[in-house]
Novice: 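Pasting a structure here, questions to come.
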Amino acid sequence: MPELPEIETIKNDLSPHVVGKVIMNVTFPTDPNIRILRRFPSQDTFVRGIRGTEIENVRRRAKYLVFDLRPSGTLVMHLGMSGQLLLRSMDSPPEPYLRAVFHLENHIHLRFVDPRKFGELFLILPSSGKCQFILEKLGPEPLEKDFSLEYLTNILRKAKRTIKTFLMDQKVIAGLGNIYSDECLFKAKIHPTRFTYTLDDDEIRTLHRSIHRTLREAIKRRGTTASDKRYRDGLGRMGKFQDLLQVYQRRGNACYCCGTVIQSTPIGGRTASFCPRCQK
DNA sequence: AGTACAGCCTGCCTGC
DNA sequence: TGCAGGCAGGCTGTAC
């Protein structure tokens, strides 16, 4: 559920509180199997690699939160479907589904909460093998220069699948999920079942612009807390972009633009919502 | 090589 | 009321 704008918001919230802080310890309160560490060889190595390091920097890559550690190591977090990363004082009561706690200086906790266990933590060390390549496989950041109109045009022309699955492929564009791919397609007036190679130059230009505008607006509004009310920012607050959603989770409601009933259809194992009149 | 899809997981909602 | 079943969805491994 947390996509690019939500992770960006969490990163911005956490940075001033955690950068420069030493991680004193890491504990795993509720999950004996520690499935959140499934990519990493062992819990011991993870804890030993992190304990005593200082958080030098926090950044975002796609939907991953990346903590650069001093003197070495890169801590990577993915919030999966239902994950939250919360800054709490040591003595505040533990949240349900609390999976991991990073004990920082000054009695501060960075808490990883995740009911559905789709989230993931891993530590990249020089010796950690394939973990190093996970971030490298991702496509360009949609708000960076390398996600140009030329790039989008070229890969759209080469692909042979629906525009909806294309936009959610992290190797193509890093950071879009179901919410924002639906919203971008609505803004661009493109039907989610269209095949990539059928888009003309005008449509591609509009789509490129829609991706920029949708993501910038969503970051400005601090992300989307959809009806499952799961996403929270770094301090536990809800986002505000859900008020601006045009199609996502609006099936059966009237399109704000033309009044037609919003429909949904499964595409690539996901539910795509769209306005059958506005989107061609 | 590129694409499609099952499986992972569990709270919540719907229907019986 | 209580239960079963379906849905939600990011990512990976596997199959085509």
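Residue numbers begin at 1 in each chain, while the letters A, B, ... track the order of the sequences. No experiment lies behind these values; they were computed from the predicted model shown.
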Novice: Indicate whether the side chain of Ser92(A) and that of Arg111(A) have a donor and an acceptor atom separated by less than 3.5 Å.
Specialist: yes
Novice: Kindly calculate the angle separating the two end axes of the helix from dG2(B)-dC16(C) to dC16(B)-dG2(C), each obtained from five base pairs, and round it to 10 degrees.
Specialist: 50°
Novice: Summarise protein proximity over nucleotides 3-8 of chain B in one line of letters, 5' to 3': B for base, S for sugar-phosphate only, - for none, counting protein heavy atoms closer than 4.0 Å.
Specialist: SS---B
Novice: So that I know where these two stand, are His208(A) and Phe147(A) an aromatic pair - ring centroids less than 6.0 Å apart?
Specialist: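 Aromatic pair counts; centres sit under 6.0 Å.
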Novice: Determine the contact category for Tyr248(A): base if any of its heavy atoms lies under 4.0 Å from a base atom, sugar-phosphate if only primed atoms, P, OP1 or OP2 are that close, otherwise nothing.
Specialist: sugar-phosphate
Novice: Going by atom types alone, do Ser42(A) and Asp44(A) pair a side-chain donor with an acceptor below 3.5 Å?
Specialist: no
Novice: Between atom CG in Leu121(A) and atom P in dC11(C), what is the gap in whole Å?
Specialist: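 One finds 15 Å between P of dC11(C) and CG of Leu121(A), rounded.
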Novice: Not counting sequence neighbours, list each pair that qualifies as a side chain to side chain donor-acceptor pair (under 3.5 Å) and has a residue in residues 236-246 of chain A.
Specialist: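 Sorted result for residues 236-246 of chain A: Asp233(A)-Arg237(A).
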Novice: If I take atom CD1 in residue Ile267(A) and atom C1' in nucleotide dA8(C), what distance separates them, rounded to the nearest angstrom?
Specialist: 16 Å
Novice: For nucleotides 14-16 of chain C, give me every protein contact, N/O to N/O, under 3.5 Å, one pair per line with atom names.
Specialist:
none

Novice: For Met81(A) and dT12(C), give me the distance from atom CE to atom P, rounded to whole Å.
Specialist: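 Going from Met81(A) (CE) to dT12(C) (P), I get 15 Å.
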Novice: Of all the choices, dC11(C), dC9(B), dG9(C), which nucleotide is nearest to the side chain of Thr271(A) once you look at every atom?
Specialist: dG9(C)
Novice: Before we go on, tell me: are the rings of Phe274(A) and His191(A) under 6.0 Å apart, centre to centre?
Specialist: yes
Novice: Answer with base, sugar-phosphate or nothing: what part of the nucleic acid does Glu120(A) contact at a heavy-atom distance below 4.0 Å?
Specialist: nothing
Novice: Select base, sugar-phosphate, or nothing to describe what Ser82(A) touches, counting heavy atoms under 4.0 Å on all strands.
Specialist: nothing
Novice: Report the distance from atom CD of Glu136(A) to atom P of dC11(C), rounded to the nearest whole Å.
Specialist: 17 Å
Novice: Check the angle between the aromatic planes of Phe46(A) and Phe28(A) and answer parallel, tilted or perpendicular using the 30° and 60° thresholds.
Specialist: tilted
Novice: Between the protein and nucleotides 11-14 of chain B, list every N/O to N/O distance that falls short of 3.5 Å.
Specialist:
{"unit_1": "dG11(B)", "atom_1": "OP1", "unit_2": "Tyr97(A)", "atom_2": "OH", "d": "2.9"}

Novice: Lys117(A) NZ to dA8(C) C1': how many Å, rounded?
Specialist: 18 Å
Novice: Using whole Å, what does the distance between atom P of nucleotide dG10(C) and atom CD1 of Ile134(A) come to?
Specialist: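 Value for this atom pair: 18 Å.
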Novice: Are Tyr180(A) and Thr224(A) linked by a side-chain donor-acceptor pair shorter than 3.5 Å?
Specialist: yes
Novice: So, applying salt bridge (charged side-chain N to carboxylate O under 4.0 Å, His left out) with Arg61(A), which one of Glu136(A), Glu8(A), Glu141(A), Glu144(A) is it?
Specialist: Glu141(A)
Novice: Between dG9(C), dT10(B), dC11(C), spot the one nearest the side chain of Asn178(A), thanks.
Specialist: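 Comparing dG9(C), dT10(B), dC11(C) against the side chain of Asn178(A), the answer is dG9(C).
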Novice: Phosphate oxygens OP1/OP2 of dG10(C): is one of them under 4.0 Å from a side-chain N or O of Gln170(A)?
Specialist: no
Novice: Regarding His103(A) and Thr27(A), is there a side-chain donor-to-acceptor distance under 3.5 Å anywhere?
Specialist: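 Thr27(A) and His103(A) do have a side-chain donor-acceptor pair below 3.5 Å.
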Novice: Are His78(A) and dC11(C) close enough that a side-chain N or O sits under 4.0 Å from OP1 or OP2?
Specialist: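 For dC11(C), OP1 or OP2 has a side-chain N or O of His78(A) closer than 4.0 Å.
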Novice: Examine the side chains of Arg250(A) and Tyr256(A) and answer whether a donor and an acceptor come within less than 3.5 Å of each other.
Specialist: yes
Novice: Is a side-chain donor-acceptor pair under 3.5 Å present for Ser264(A) with Arg251(A)?
Specialist: yes
Novice: Sequence neighbours excluded, which residues qualify as side chain to side chain donor-acceptor pair (under 3.5 Å) partners of Ser273(A)?
Specialist: none
Novice: Measure CG/Leu4(A) against P/dC11(C) and give the value in whole Å, please.
Specialist: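 To the nearest whole Å, that distance equals 11 Å.
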Novice: Identify the residue among Glu183(A), Gln249(A), Lys164(A), Glu3(A) that makes a side-chain hydrogen bond (donor to acceptor under 3.5 Å, both in side chains) with Asn178(A).
Specialist: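 Exactly one option meets the side-chain hydrogen bond (donor to acceptor under 3.5 Å, both in side chains) with Asn178(A), and it is Lys164(A).
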Novice: So, Thr198(A) versus Arg194(A): side-chain donor-acceptor pair below 3.5 Å or not?
Specialist: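 Yes - a donor-acceptor pair under 3.5 Å links their side chains.
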Novice: Closest approach of Tyr64(A) and Ile7(A), non-hydrogen atoms and distance?
Specialist: O-CG2, 3.9 Å
Novice: Whole angstroms only, please: what is the CG-C1' distance between Asp114(A) and dG9(C)?
Specialist: 12 Å
